[in-house]
Amino acid sequence: RMLVVFFSRPGENFNVGVVAEGSTAKLARIVAESAGAPMVRIVPNQPYPTGYDDAKQVIQHELETQARPAIMLEALASEPFDAEQAIAAADRIALGYPIWCGSLPMPVRTFLDEHDLGGKTILPFCTNEGSGLARTVDELRNALPDSDIRPGLPVLGSTVQHDPTCARAAVAVWLDDHSSR
């Protein structure tokens, strides 16, 4: 059973402009629809600034201090469900995030610290503007030594925002690659 868990930030995004829905949220929806899986959004208790430069200052400070901002989980589906129970029951988690300064966003690190994902298969996917998965797969392997971290899917945020058909095609290939393993 697959679950899509993701973090995304709306507002001004690098090379994308100001968006009401973050690129990773849009990509997560494509993954969830393609896999027929429910979604759980990682929501920081303290929202990030909407301006790119202001958000980047906060993000860099969090990375430097290895902060673990408090988060909430929001279950997103037509039928209500308990996010914590869904995480515990899932055997595969498609984990989505934007690349922030080459790393996992700290709200994702909080999620990883607070949940036992041992024995689960993790399918990482990210939005970026040229860095691919950066060092996030290694970060996931270090944070989740008892999980099976599979090859990830990096998609340009600008592609997700402006060419969703291309993003859907990339997701379909990626999911197909992981369906029988």
Side-chain angles (χ1 to χ4, degrees), residues 1-43 48 50 52 55 59 73-79 81 83 86-87 89-105 107-108 111-112 117 120-141 143-144 147-181:
R1 179 167 175 205
M2 181 186 276
L3 179 67
V4 176
V5 178
F6 73 97
F7 168 75
S8 188
R9 186 186 73 82
E12 185 182 11
N13 282 221
F14 180 74
N15 204 36
V16 172
V18 178
V19 293
E21 182 178 32
S23 300
T24 306
K26 285 187 175 218
L27 185 58
R29 193 167 359 93
I30 293 169
V31 171
E33 288 169 0
S34 299
M39 294 191 301
V40 172
R41 179 192 319 256
I42 299 168
V43 180
Y48 287 88
T50 55
Y52 177 77
I59 290 162
L73 298 177
E74 178 184 7
L76 304 173
S78 55
E79 297 294 320
F81 68 95
I87 292 163
D91 57 353
R92 296 188 314 152
I93 294 180
L95 180 63
Y97 47 87
I99 297 295
W100 279 5
C101 302
S103 291
L104 292 167
V108 174
F111 170 77
L112 298 177
L117 303 180
K120 297 184 187 298
T121 298
I122 309 299
L123 305 171
F125 65 94
C126 74
T127 55
N128 66 91
E129 281 305 317
S131 60
L133 289 153
R135 61 181 163 266
T136 61
V137 173
D138 287 337
E139 290 174 339
L140 288 170
R141 286 192 175 116
L144 303 172
S147 299
D148 179 11
I149 312 296
R150 295 292 173 90
L153 173 68
V155 180
L156 295 177
S158 52
T159 298
V160 174
Q161 292 289 346
H162 305 299
D163 191 358
T165 302
C166 181
R168 271 186 182 53
V171 166
V173 169
W174 177 67
L175 286 174
D176 188 53
D177 285 349
H178 295 296
S179 64
S180 61
R181 295 183 206 162

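The analysis underlying the following values was restricted to heavy atoms, covering all of them including side chains, and did not include hydrogens, waters or symmetry mates. Starting from 1, each residue takes its place in the sequence as its number.
- When the salt bridge (Lys or Arg N to Asp or Glu O under 4.0 Å) test is applied to E33, the partners found at least two apart in sequence or on another chain are R168.
- Applying the ring-ring contact (aromatic ring centres under 6.0 Å, His included) rule to F111 yields the partners H115; only residues at least two apart in sequence or on another chain are considered.
- Evaluation of the side-chain contact (heavy atoms from CB on, under 4.5 Å) rule for T159 yields V155, L156, D163, C166 as partners, not counting sequence neighbours.
- With sequence neighbours left out, the side chain to side chain donor-acceptor pair (under 3.5 Å) criterion links T121 to no other residue.
- Residues forming a side-chain contact (heavy atoms from CB on, under 4.5 Å) with E21 (at least two apart in sequence, or on another chain): A25, K26, R29.
- Atom CG of residue L117 and atom OG of residue S147 lie 5.5 Å apart, to the nearest 0.5 angstrom.
- Partners of A55 under the side-chain contact (heavy atoms from CB on, under 4.5 Å) rule, at least two apart in sequence or in another chain, are R9, P49, I59.
- Partners of Y52 under the side chain to side chain donor-acceptor pair (under 3.5 Å) rule, at least two apart in sequence or in another chain, do not exist in this structure.
- Every side-chain contact (heavy atoms from CB on, under 4.5 Å) that V18 has, sequence neighbours left out, goes to E12.
- For D148, the salt bridge (Lys or Arg N to Asp or Glu O under 4.0 Å) criterion is met by R150, not counting sequence neighbours.
- Distance check: L123 CG to L153 CG gives 10.0 Å after rounding to the nearest 0.5 Å.
- For T136, the side chain to side chain donor-acceptor pair (under 3.5 Å) partners two or more places apart in sequence, or in a different chain, are Y97.
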